[in-house]
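A quick write-up on the structure given underneath.
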Amino acid sequence: MGTTGYNPQEIEGKWQAEWERAELYAVTEDVSRPKKYVLEMFPYPSGDIHMGHVRNYTIGDVVARQAAMSGFKVLHPIGWDAFGLPAENAAIKSNTHPAEWTYANIEKQRASLKRMGFSYDWDRTVVTCDETYYRWGQWIFLKLWERGLVERKASPVNWCSDCKTVLANEQVVGDGQCWRCKTAVEKRELEQWYFRITEYAQDLLDDLEVLPGWPERVRTMQANWIGRSEGAEVEFEVVGPAGDPSGERITVFTTRPDTLFGCTFFLLAPEHPLVPGLVEGTGYEPAVTAVVAAAARESAVERQLGEREKNGAFTGRYVINPVNGEQVPIWVADYVLMDYGTGAVMAVPSGDQRDFEFARKYGLPIPPVVIAEDDPLFATLSGVAERVADDVDWEEAYAGDGVMVQSGQFTGTQAGKGKEGARAVTAWLAERGLGRSSINFRLRDWLISRQRYWGNPIPAIHCPSCGLVPVPEGDLPVMLPMGVDITAGETLADHPEFYETTCPRCGASATRETDTMDTFTCSSWYYLRYCDAGNSEVIWDRSKADYWMPVDQYIGGIEHAILHLLYSRFFTKAFCDLGLLSSAEPFTNLLTQGMVKLDGATMSKSRGNVVAPEEMIGRFGCDSLRAYILFMAPPDKDLDWSYGGLEGMHRWLGRVWRLVADAAEKRMPAGAASEKAAGLRREMHRVIGKVTADVERFQFNTAIAAMMELTNAAYDYRKSVPSAEQDPTALLEASETLTLLLAPFTPHLSEEMWRVLLGYGGSVHLEGWPVFDPALAAADTVELAVQVNGKVRGRVVVGADEAEEAVVAAAREAVAAWAQDAEPRKIIVVPGKLINIVC
RNA sequence: GCCCGGGUGGCGGAAUGGCAGACGCGGAGGUCUCAAAAACCUUUGUCCUAUGGACGUGUGGGUUCGAAUCCCACCCCGGGCACCA
């Protein structure tokens, strides 16, 4: 057998073709076997794949291949998230059609992914801009609509002037910028389509608890985004212009009903609809209008920058504080947000820093109502039910827990979020119909309509007499017309042949909706379509979806911590309620991989610091690249690319190749087992255990290090034992084990070694994963470190099951020169590790 | 400001209460060669009065027989959230 050396270029293409011919990775349901659904976030086809993809998909491939060797039925699919704005931008730039650009990139990426040897079931590929996929996206829209989860409403929305479309709240990042182009987002009052994700706010929050396989960071980010607050709604009656009772009430939300006695003014957001009516024709109108206008002029960016000076104006009107009947002035303040709570706030300057600053600026009273027991004021005010102190000399508001003071019958009660005082005040209000306990979420409904061409058309029709009418299921899909010239700035709204239609309900002439859906609607269910990708009758066969779902291991970037991962959870829950699916959560375990950087900087085409995977594959083969990208760092950490390391990886694989080739060549009947051969076998079993455990916890870097150690042990054996005395069986065993352990990491090299060098008939990828036997990894002797007062002063070699007294005696002997003559005060024995003699 | 990560040789990293620096890169030296490449071998934390010893995991304290690891305080880096009532 020739040992011409490891040449990846000769073997990789060969085996890729063979695997495809043998349909090695096509998979079907098999209820008799445990399944594992391994999924990586599908790519957006913007050019060729980059190192980030290589890392993401290699991690998934190792998990998938190792699971298959361990006896699982493994679903490992791939597809493309193909609708979206980059395709439009690229098309405008290069004067082509978005479809042309998109499909060309898909083909490029498909070839690159195949060149990496990933074990995908290519028959299940989905492409979201393909009619066979997006028609089901429209079907989902109709189902959600039927269930009351779709809504069209007018609301202040985020508008990106660069992308010329509205954005969901989740797509506004940083200090109020568009997630794609980083342009500052503007607020506009528009009528748009929403998915009512807020219906699931509580479920989405609660079920984070049943996702222990998710990084805590991601769960925290989602919990914060959902932003649940417990508190109360309190109703304030507006006093009429002449001091008469108006009967009109304004509701506020507060997390601190226990501070109600400290409410000395009342705030409305500048956009609050009641504001104009309150001041119209009064002397207060000019000042209030100025505040409203100033707030409207500010961009969302400026508005969201906290810590800036608060502005407001008195409206000349009052509300009645329901707890003590006092009249409280209504102000308009620019720090009150219209889209959280009710857009109205009870201001408690002594208990809220923002209200405190506002009160100081405008000379409003700051009566203390919650006092910490160690506060000097506590002694004076603790039993005072009437208001005696109308101001404080504090530097800042006190928002902590304490005791209620100057609070009528509640004085002396425990104060704080959810404390007795808060409950008591809420109950008192509820009895009188002036309030109730309430929960508020920060999460907003998901704005899904986009004023863009390259997306999934919203299947709705505007009828002048019937209003909004869903496109009948039988008429799906609403085809996205190809003849729209976006380079000329056209959208669907410029194409009457698209939007002119008749109402399915009354038959009158009507118009189609010309907005398309947010691309995130497409990526929120692709993992379900993979379960039954080719089905043209139904979205998926429920038994197939129930067999594969949930995804056992999902792998992708942290940038989707909220967006994609929250939307997908929402879809899954809605599907569950629609009876389409059994699992309420889509992804059981989540691994967020770190970024691949170059000299500490994110790789990007515009920076010109991109390392092309293609080029690395050309030089060293994809197996070296795969192993190296895993070896550089644990998968969740960012890594810095280095060329030298890749060469080192390639060098090691060559070393493995020569070891296996040599062992296969010298294959002969088992010789006499020597102690050194036994040592090699022990090392081999130790490494099986280590690699198995490391793959399980995604420590691919240490798994590879362990395999390098086995390689070194085998080389060491060959070096230290004369050829004639070597046990060829031990080397052959080590070689075969290494070949099997490496199979998920370097599938082509392993296949070549298995089938060509070692001469086996079948694919290494159909072999069983080596089984770890701790007994075979155990040595008969161990070396122990001997410490004196915690410092290593010597070492002893003892039998593995030597009695403790004998071990201690040997240890004391070894450090006789260090230990004092006197009897040690204490001797600590850590079996198999060390002995510490304390003098 | 609040909430998460993280800080270990020249570099990537290993060790989650028990021998700090596994494994690899890089460096130094050697074998083979006319030579080079490849391969193989040795060596590689710092310092010192050097067959030995001291020091050493961001800083300062603490707990422990023993701390990179646990606790307290602080510094630095990265990320997320941030006028959410």
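So that the names make sense, note that chain A is the first sequence line, chain B the second, and so on, each numbered from 1.
Taking the six-membered ring where tryptophan is involved, the planes of A/F745 and A/F700 are perpendicular, since the angle between them exceeds 60° and thus also 30°.
Here A/R444 pairs with nothing under the side-chain hydrogen bond (donor to acceptor under 3.5 Å, both in side chains) rule; sequence neighbours left out. Under the rule for a side-chain hydrogen bond (donor to acceptor under 3.5 Å, both in side chains), A/E696 has no partner lying at least two apart in sequence or in another chain.
For the pair A/I835 CD1 and B/rG66 P, the interatomic distance rounds to 18 Å; values are reported in whole Å. Across the protein-nucleic acid pair, A/R718 atom CZ and B/rA39 atom C1' stand 11 Å apart, rounded to whole Å. Protein atom CZ of A/R651 is 10 Å distant from nucleotide atom C1' of B/rA38, rounded to whole Å. Rounded to a whole Å, the NE2 atom of A/H650 is 17 Å from the P atom of B/rG24. Distance CE (A/M649) to P (B/rG24): 10 Å, rounded to an integer number of Å. To the nearest angstrom, P of B/rC81 lies 14 Å from CD1 of A/I226. A/Y628 places its OH atom 10 Å from the P atom of B/rG26, with the value rounded to the nearest Å. In this entry the distance linking CZ of A/R825 with P of B/rU64 reads 12 Å, nearest Å.
For the segment residues 249-264 of chain A, the set of residues with a heavy atom within less than 4.0 Å of an atom of RNA chain B comprises A/F253, A/T254, A/T255, in numerical order. Contacts with RNA chain B (heavy atom under 4.0 Å) in residues 438-447 of chain A: A/R442, listed by number.
Side-chain contact between A/V275 and A/P270 is absent, with no heavy atoms from C-beta onward closer than 4.5 Å. Between A/K361 and A/K310 there is no side-chain heavy-atom pair separated by less than 4.5 Å.
For A/Y340 and B/rA85, the shortest distance from a side-chain N or O to OP1 or OP2 is below 4.0 Å. Between A/R658 and B/rA38, a side-chain N or O to OP1/OP2 separation shorter than 4.0 Å is absent.
Taking atom C1' in both B/rG9 and B/rC2, the straight-line distance is 36 Å, to the nearest Å. Nucleotides B/rU57 and B/rG52 are separated by 24 Å at their P atoms, to the nearest Å. Only the C1' atoms considered, B/rA15 is 8 Å distant from B/rA22, to the nearest whole Å. Nucleotides B/rA67 and B/rG61 are separated by 14 Å at their C1' atoms, to the nearest Å. Taking atom C1' in both B/rC32 and B/rU49, one finds a spacing of 42 Å when rounded to whole Å. Taking the P atoms as reference points, B/rA14 lies 31 Å from B/rC65, given to the whole Å. B/rA73 sits 43 Å from B/rC25 when the P atoms are compared, rounded to a whole Å. For the P atoms, the distance linking B/rG26 with B/rG17 amounts to 34 Å, nearest Å.
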Test A/R442 against A/N224 for side chain to side chain donor-acceptor pair (under 3.5 Å), laying out the working first.
CA-CA 8 Å; A/R442 211 184 75 113; A/N224 289 343; over 6 Å; no
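Across the strands present, B/rA82 finds no partner; the criterion is a Watson-Crick or G-U wobble pair with both atom distances under 3.5 angstrom. When both distances must be under 3.5 Å, the Watson-Crick or G-U wobble mate of B/rC40 is B/rG30. Nucleotide B/rG60: paired with B/rC72 (Watson-Crick or G-U wobble, both distances less than 3.5 Å). Pair assignment for B/rA35: none, as no Watson-Crick or G-U wobble contacts are both less than 3.5 Å. Across the strands present, B/rC55 finds its partner in B/rG45; the criterion is a Watson-Crick or G-U wobble pair with both atom distances under 3.5 angstrom. With a cut-off of 3.5 Å on both pairing distances, B/rG21 has no Watson-Crick or G-U wobble partner at all. Pairing partner, B/rG5: B/rC77, with both Watson-Crick or wobble hydrogen-bond distances short of 3.5 Å.
When the options A/Y362, A/F358, A/F356 are evaluated for a ring-ring contact (aromatic ring centres under 6.0 Å, His included) with A/F265, the one that passes is A/F358.
Between A/E357 and A/Y335, the side chains place no donor N or O within less than 3.5 Å of an acceptor N or O (distance only, hydrogens not considered). A side-chain donor from one of A/W225 and A/E170 sits under 3.5 Å from a side-chain acceptor of the other. At a cut-off of 3.5 Å, with distance as the only test, a side-chain donor of A/D445 or A/T198 sits close to an acceptor on the other residue. Side-chain polar atoms of A/R718 and A/Q726 form no donor-acceptor pair below 3.5 angstrom.
The glycosidic torsion of B/rG30 lies more than 90° away from 0, which places this base in the anti conformation.
Of the possible polar contacts, one joining the A/T342 side chain to the A/T251 backbone as a donor-acceptor pair under 3.5 Å is found. With hydrogens and angles disregarded, no donor-acceptor distance shorter than 3.5 Å links the side chain of A/T259 to the backbone of A/G351.
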Base, backbone or nothing for each nucleotide of nucleotides 41-55 of chain B, written B, S, -, heavy atoms under 4.0 angstrom, 5' to 3'?
SS----------SSS
Does the protein touch nucleotides 4-23 of chain B at the base, only the backbone, or not at all? Give it as B, S and - per nucleotide, heavy atoms under 4.0 Å.
S-------BSSS--BB--BB
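For the pair A/R686 and A/E683, the salt-bridge criterion is met [side-chain N within less than 4.0 Å of a carboxylate O]. Salt bridge present: A/R436 and A/E235 bring a charged side-chain N and a carboxylate O closer than 4.0 Å.
Across all strands shown, A/S229 has heavy atoms under 4.0 Å from sugar-phosphate atoms exclusively, and none from any base.
In terms of heavy atoms, A/G621 sits closest to A/P8 at CA-CB, 3.8 Å.
Nearer the 5' end of RNA chain B, as judged by each residue's closest nucleotide, is the contact made by A/G648, out of A/M346 and A/G648.
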